[in-house]
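See below for the structure under consideration.
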Amino acid sequence: MTSVQTEQQDLIFGSLNDQQRAAVEHINGPVLILAGAGSGKTRALTHRIAFLIQQGVAPWQILSVTFTNKAATEMKERIKNLLHLVEEDSDFGFRSTDFKTGRLPVMGTFHSICVRILRRDIEKLGRDRNFVIYDSDDQEKLMKQVLKELHIEEAELKPRAALAYIGRFKSEALNPKEAQEQATSDRMQKVAQAYARFQTRLREANAMDFDDLILETVRLFHECPDVLSRYQETWKYLHVDEYQDTNHAQYLFITMLAQKYGNLCVIGDPDQSIYGFRGADIRNILEFEKDYPKAIRIKLERNYRSTQPILTAADAVIAANPNRPEKRMWTERTEGPQIIVNEVRDERREAEEAIRAVQDIQRQGTALREQVILYRTHAQSRLFEEACMRAGIPYRILGGVKFYGRKEVKDVLAYLYVILNPNDTVSMLRIINIPSRKIGDTTLGKLQAHAAARSLSLWDTLLDVQNVTDLDGGTKARIDTFTRIILKYKELLARDVVSVLARDLIDELKMEDWLKEGTQEGEERWLNVQELLTVMRKYDSLEPQVSLTSFLEEVALVSEVDKLTEGRSDALTLMTLHLCKGLEFEHVIIVGCEEGLFPHSNSMFDKEQLEEERRIMYVGMTRARTWLRLMFAQNRFLWGENKSGAPSRFLDDLPDAVVERRSDDMLSAFAWATGSAEQRMRGGKLEPFRQHADVDIEFKQDMSFDDASQENDADVGSRIEHPTFGRGTVIARRGDIVDIQFDGGKKKTFALSIAPLKVI
DNA sequence: CCCGCTTACGTTTTT
DNA sequence: CGTAAGCGGG
């Protein structure tokens, strides 16, 4: 071995624990890595890939599927450092259609990888490689048209509902025909019908939605064995991160690739599966060893992120879920602040208190970028945003009204889509009257009738507008103006990069004038357009047409979390619990911990959905390194009504030993210290429960008194002794958490790793 | 065809 | 409550 190689080996293995090392070393055959929260799985994965390369595997033979583009970028960076790769090729992943180049592995989300495959090979399915990608907004517009065509009333089947069903079908890799065969009810027949028509329309527009990207790739593999075989030979080493959140279509994709060499390494944590609603199938990870009987299973159980109180609390919450693989997370950070459970009067107070807590921690020296407020639904964000503004705290919100979802931004993008592909009817309809050209529903109706009668596309009809009989001359002229603009820029496509093209277009459309309208809002919209132009400049160095397609591609596939890397400024982050997966912060505040909101009322009465809600809570809690605060409001203004809800049932599971309860008013602070959420719901009103306060205080003293209790391994039935409560019997055990019936009559819950218990 | 007002409806969660 | 679609008068 050369000295460089030795040095690389040291870098790769030097800092790993035994389990991580095992994960890195087992490079051949199927490997299942069960990686608990904060267990250094990204580290294991990057080191594993670096090791593969160091062992002589060509980088392009390695495929790694990540959950976000941000994760892919970060991992590439780390691999570069491990291998001392100095050259800049961070952009390689997106643009090249030739996979067998580059000094870094192919990394990206399922969606971005599939797009690259399709751009390269989809012509083998008889489709055009310049397809556009429809987002949910576009989908909804198209579905509305489809339902209209099929004479399905909105009351019978709402576009969103139809799309939700279709999404289900697609994630299960069912085509319209199969959906039809499955449909038993009248309603599902209609859905299947809509599905079929929807796909036809997509195809006519040369468009795909997100799910199609995966499905069409699977279909391509299926129908063109030579293509599949080529990719199997290219990517001999496969990795999938966050495997617990893959759906069936994604499962098929990766399974087909793995068929030949079987070098598939999947990483995940069943306790963090939170995307069931969009078809993620937790069985993919739970049954991996059935699919691959020879799989090696590695568990990463050491947590490098959080303090013991945080782990204990999170563990206690997740322990209530059934059918979990055995897992015992541990940390060397045995000391840490208590989890704060904070009761407030109402949602306004909640926002104020949360911001105050953030400022508190900030004063102690933790930057805002290290802090986050997590909520269950986007709708909750507004009050926190307002509280930030009042307090003068810089913040950034992920999700909600997305930048690329803004009307003015989508308008510009729609122009670009149409210039690239005039058959994109959804985009065409979006912009044909923007800015106003007096082409309204009446005119469009006539155009569409003309198109239908001659089976022309809308675009061809526009080109042929002089022959549309029942339009007056003025209208024809205005349509002509529009077509000319599109044709003009279509020609410029070969000459101008996207930023130049778009700038000229925006000038020609006089967007600044009609966007601004002299209002504050208008000013902001214009700024958004300029911001978009700035983003485009990143693509200036590419070939003109490639610069446009690359730009549109990246825009279509950016996730909210990808944007976290943008902007270096120090700001507090606000986002939904779903978006926080894979991230970590010094200080985490989870708000709205109330029955009906979290767990959400739509998920409260279904066993499996409720389990998923619990996992969402687990994910949120385990993002915290040092401080964790859970908040709930006694009253909340929801849907125009003031509702008083019970604290979330998840709070019931927190062991008293690691919790400090705070409240707007002390009397009610302890009111809910005992009794289940369900009981409190039934009882309606909260009941003062002062006598338990002293028990809590007593208990806290026990904490400091503890030192040598970690070795205890009590199981159900074990007799134990506690310095304050005396002797008792373990009556239940869930991981680190035990319930103890004391001989004196009291029943208490403890965390084994913390409580001063002695097995006797 | 456009604008402004009224009404209906909604809130899970996302690539 | 807040927003977005929908309607009717200009």
Side-chain angles (χ1 to χ4, degrees), chain A residues 65-72 108-115 133-137 139-141 144 154-155 158-161 163-164 167 170-171 208-215 242 245-247 249-250 273-280 347-348 374-383 398-402 404-405 407 433 435-445 474-475 478 517 553-563 575-581 592 596-604 606 609-610 612-613 615-617 619-620 636-643:
Chain A
V65 184
T66 56
F67 201 68
T68 61
N69 295 307
K70 178 172 172 264
T109 61
F110 275 107
H111 293 89
S112 63
I113 289 165
C114 286
V115 169
I133 301 165
Y134 275 8
D135 67 10
S136 47
D137 218 53
Q139 281 180 310
E140 208 171 317
K141 284 194 172 131
K144 274 189 186 155
E154 185 138 350
K158 289 181 194 141
R160 281 166 137 242
L163 286 166
K170 287 185 175 178
S171 59
M208 294 201 208
D209 63 20
F210 290 126
D211 297 322
D212 286 343
L213 298 174
I214 317 289
L215 265 188
E242 306 282 7
D245 277 323
T246 51
N247 65 29
Q250 293 164 336
S273 170
I274 58 173
Y275 283 98
F277 71 91
R278 69 168 191 211
E347 76 277 9
R348 305 192 79 83
L374 301 171
Y375 34 77
R376 180 66 180 79
T377 68
H378 284 305
Q380 290 163 259
S381 67
R382 216 191 70 246
L383 284 167
L398 267 55
V401 188
K402 298 163 183 158
Y404 292 111
K407 184 181 176 301
N433 201 31
S436 171
R437 299 183 178 89
K438 300 193 190 297
I439 304 171
D441 286 344
T442 326
T443 309
L444 280 172
T475 310
R478 289 194 295 270
E517 324 170 312
E553 196 120 303
E554 208 169 308
V555 161
L557 297 178
V558 280
S559 72
E560 285 302 308
V561 176
D562 295 338
K563 292 183 222 157
M575 63 180 151
T576 64
L577 283 145
H578 279 85
L579 289 172
C580 77
K581 194 172 65 159
L597 187 58
F598 189 24
H600 197 274
S601 52
N602 291 3
S603 308
M604 267 167 69
D606 177 283
Q609 288 186 62
L610 188 58
E612 182 152 310
E613 293 285 312
R615 291 193 291 266
I616 295 169
M617 178 57 110
V619 168
R636 180 174 295 271
F637 225 87
L638 219 54
W639 304 297
E641 240 186 314
N642 207 353
K643 294 210 168 131

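Below, chain A is the first sequence line, B the second, and so on; all start at residue 1.
- Relative orientation of the A:Phe210 and A:His111 rings is perpendicular, given thresholds of 30° and 60° on the angle between their planes.
- In summary, the aromatic rings of A:His578 and A:Phe277 are positioned with their centroids under 6.0 Å apart.
- Taking every side-chain heavy atom of A:His578 into account, B:dT13 is the closest of B:dT15, B:dT12, B:dT13.
- At whole-Å resolution of the value, CG in A:Leu398 and P in B:dT14 are 10 Å apart.
- The residue A:Phe67 sits apart from the nucleic acid: no heavy atom pair falls under 4.0 Å.
- The distance from atom CZ of A:Phe210 to atom P of B:dT15 is 8 Å, rounded to the nearest whole Å.
- Put simply, A:Thr576 has a side-chain N or O that comes within less than 4.0 Å of OP1 or OP2 on B:dT14.
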Task: Stepwise side-chain hydrogen bond (donor to acceptor under 3.5 Å, both in side chains) test for A:Ser136 and A:Gln139 - done: CA-CA 5 Å; A:Ser136 47; A:Gln139 281 180 310; 5.1 Å; no
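- Around the NZ atom of A:Lys141, the shell of radius 6.0 Å holds more than 12 heavy atoms that belong to other residues, nucleotides or ligands.
- Which of B:dT13, B:dT15, C:dG2 sits closest to the side chain of A:Arg382 comes down to C:dG2.
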Please list, for nucleotides 7-9 of chain B, all pairs of protein and nucleotide N/O atoms separated by less than 3.5 Å.
none

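- Using a 4.0 Å heavy-atom cutoff across all strands shown, A:Leu579 reaches sugar-phosphate atoms only and no base atom.
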Under 3.5 Å between N/O atoms: give me all the protein pairs with nucleotides 2-5 of chain B, atom names plus distance.
{"residue": "B:dC2", "atom": "OP1", "partner": "A:Ser436", "partner atom": "OG", "Å": "2.5"}

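- In terms of polar N and O atoms assigned as donor or acceptor, the side chain of A:His111 comes within less than 3.5 Å of the base of B:dT15 in a complementary pairing.
- The distance from atom CG of A:Leu215 to atom P of B:dT15 is 18 Å, rounded to the nearest whole Å.
- Straight-line distance from the CZ atom of A:Arg160 to the P atom of C:dA5: 10 Å, rounded to whole Å.
- Rounded to whole angstrom, the span from the CG atom of A:Asn69 across to the P atom of B:dT15 amounts to 10 Å.
- For the pair A:Gln380 CD and C:dC1 P, the interatomic distance rounds to 18 Å; values are reported in whole Å.
- Applying the 5.5 angstrom centroid cut-off and the 30 degree plane-angle cut-off, the aromatic ring of A:Phe277 is stacked upon the base of B:dT13.
- Regarding A:Phe637, its CZ atom lies at a distance of 19 Å from the P atom of B:dT11, rounded to whole Å.
- Other residues, nucleotides and ligands contribute at most 12 non-hydrogen atoms within 6.0 Å of the CZ atom of A:Arg348.
- In the set B:dT15, B:dT12, B:dC1, the nucleotide with an atom closest to the side chain of A:Thr443 is B:dC1.
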